[in-house]
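Data first, discussion second: the structure below is written as structure tokens.
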Amino acid sequence: MYCEVRIQTEPFALEAESNRLIAQSGDAGALVLFQGMVREFDQAVALDKMELEHFPGLTEREITRIIELASRKWAIAGCSVIHRVGELRGDEAIVLLMVTAKHRLDAFLAAQFIMDYLKTEAPFWKKEHLKNGESHWVEAKKSDQDTLSRWKMS
């Protein structure tokens, strides 16, 4: 299985990135792609910018671990996760997750699993800076933890 994890400040080129993953994925018949953007209006006051921090090295290892967990559950051919850090404005792309597999169901399920884990367990810290001058660190959402619980095995 091909696996690539990148943390970067600069924007990514969606088409170039998907072409690269497809080229590395052999005879995969499915590509599932998720691109997340910074939301501007999650609170009463509009967002000016979001600041993302991470722990270099640890963040990449944790995301790789999540991808490896997915590869044990589903037959995926390749996976690429690109996550941006630094200062981002509303509607800017923040994350690109792509999964290839021979069959669509494996690609869809693996992508959902990886994204659910990224939202809850990848070591990123987000600080929202609002247009009124206030700023705050973003707390983990219970709804994200609830969504993740569907993958927990007893």
Side-chain angles (χ1 to χ4, degrees), residues 1-25 30-71 74 76-101 104 107-151:
M1 176 196 64
Y2 175 78
C3 175
E4 178 181 34
V5 175
R6 291 194 333 253
I7 311 298
Q8 61 191 48
T9 56
E10 59 277 340
F12 46 79
L14 191 132
E15 185 175 2
E17 298 298 343
S18 63
N19 288 341
R20 179 182 3 265
L21 180 60
I22 290 167
Q24 295 291 330
S25 295
L31 166 69
V32 169
L33 182 147
F34 171 81
Q35 177 178 288
M37 284 84 65
V38 176
R39 291 186 301 263
E40 291 186 74
F41 298 102
D42 262 4
Q43 56 280 319
V45 177
L47 182 76
D48 181 41
K49 64 183 175 184
M50 179 178 281
E51 183 180 349
L52 277 92
E53 297 180 3
H54 76 296
F55 195 119
L58 176 68
T59 304
E60 293 87 345
R61 282 192 304 274
E62 181 60 16
I63 294 171
T64 300
R65 182 188 72 80
I66 293 165
I67 293 167
E68 288 170 355
L69 282 174
S71 73
W74 299 281
I76 59 178
C79 181
S80 179
V81 174
I82 303 168
H83 206 297
R84 294 182 61 203
V85 293
E87 290 186 1
L88 299 168
R89 303 285 174 179
D91 294 331
E92 280 193 73
I94 188 171
V95 62
L96 177 61
L97 163 65
M98 299 179 295
V99 178
T100 56
R104 72 180 188 282
F108 274 116
L109 292 173
Q112 286 182 318
F113 174 88
I114 293 165
M115 196 64 227
D116 289 347
Y117 270 81
L118 280 174
K119 284 287 291 178
T120 56
E121 296 194 6
F124 290 100
W125 297 272
K126 299 176 183 177
K127 188 173 195 178
E128 292 180 334
H129 299 271
L130 307 179
K131 293 203 181 217
N132 67 0
E134 295 177 20
S135 62
H136 63 272
W137 291 101
V138 177
E139 300 281 328
K141 294 180 183 174
K142 183 180 180 328
S143 60
D144 289 335
Q145 287 295 330
D146 291 345
T147 300
L148 179 66
S149 70
R150 69 182 165 163
W151 305 111

**Q.** Ser80 vs Leu96, side-chain contact (heavy atoms from CB on, under 4.5 Å): CA-CA, chis, key distance, verdict
**A.** CA-CA 8 Å; Ser80 179; Leu96 177 61; over 6 Å; no
For [X] versus [Y], what's the shortest heavy-atom pair and its separation?
{"X": "Val99", "Y": "Ala110", "result": "CG1-CB, 4.0 Å"}
{"X": "Ser25", "Y": "Ala77", "result": "O-CB, 3.6 Å"}
{"X": "Met1", "Y": "Ser71", "result": "SD-CB, 3.6 Å"}
{"X": "Met98", "Y": "Leu21", "result": "CB-CD2, 3.4 Å"}
{"X": "Ser135", "Y": "Lys127", "result": "OG-CE, 3.6 Å"}

Q. Do Glu4 and Arg6 sit within salt-bridge range, that is, some charged N less than 4.0 Å from a carboxylate O?
A. yes
Q: May I ask you to say whether Glu121 pairs ionically with Arg65, meaning some side-chain N is under 4.0 Å from a carboxylate O?
A: yes
For the backbone of [Y] and the side chain of [X], can you confirm whether one donor and one acceptor N or O come within less than 3.5 Å of each other?
{"X": "Arg84", "Y": "Val95", "answer": "no"}
{"X": "Arg89", "Y": "Asp48", "answer": "yes"}
{"X": "Thr100", "Y": "Gly78", "answer": "yes"}
{"X": "Thr59", "Y": "Pro56", "answer": "no"}
{"X": "Glu60", "Y": "Gly57", "answer": "yes"}

How about [X] and [Y]: do any of their side-chain heavy atoms sit closer than 4.5 Å?
{"X": "Glu51", "Y": "His129", "answer": "yes"}
{"X": "Val5", "Y": "His83", "answer": "no"}
{"X": "Glu17", "Y": "Leu14", "answer": "no"}

Say you draw a straight line from [atom1] of [X] to [atom2] of [Y]; how long is it, rounded to the nearest 0.5 Å?
{"X": "Leu109", "Y": "Ile76", "atom1": "CG", "atom2": "CD1", "value": "11.0 Å"}
{"X": "Ile94", "Y": "Gln35", "atom1": "CD1", "atom2": "CD", "value": "11.0 Å"}
{"X": "Glu68", "Y": "Cys79", "atom1": "CD", "atom2": "SG", "value": "10.5 Å"}
{"X": "Lys49", "Y": "Glu87", "atom1": "NZ", "atom2": "CD", "value": "3.5 Å"}
{"X": "Lys119", "Y": "Ile114", "atom1": "NZ", "atom2": "CD1", "value": "16.0 Å"}
{"X": "Cys3", "Y": "Ile63", "atom1": "SG", "atom2": "CD1", "value": "9.5 Å"}

Q: Decide yes or no on side-chain contact (heavy atoms from CB on, under 4.5 Å) for Leu33 and Leu97, but give the supporting numbers first.
A: CA-CA 6 Å; Leu33 182 147; Leu97 163 65; over 6 Å; no
Q: Start with the C-alpha gap between Asp91 and Arg39, add the side-chain angles, then the distance that decides, and say whether side-chain contact (heavy atoms from CB on, under 4.5 Å) holds.
A: CA-CA 6 Å; Asp91 294 331; Arg39 291 186 301 263; over 6 Å; no
Q: Before giving the answer on side-chain contact (heavy atoms from CB on, under 4.5 Å), spell out for Phe55 and Phe124 the whole-Å C-alpha distance, their side-chain angles and the decisive distance to 0.1 Å.
A: CA-CA 7 Å; Phe55 195 119; Phe124 290 100; over 6 Å; no
Q) Given Phe113, which of Phe108, Trp74, Phe34 fulfils the ring pair (Phe, Tyr, Trp, His ring centres under 6.0 Å) condition? A) Trp74
**Q.** Within 6.0 angstrom of Glu15 CD, more than 12 heavy atoms from elsewhere
**A.** no
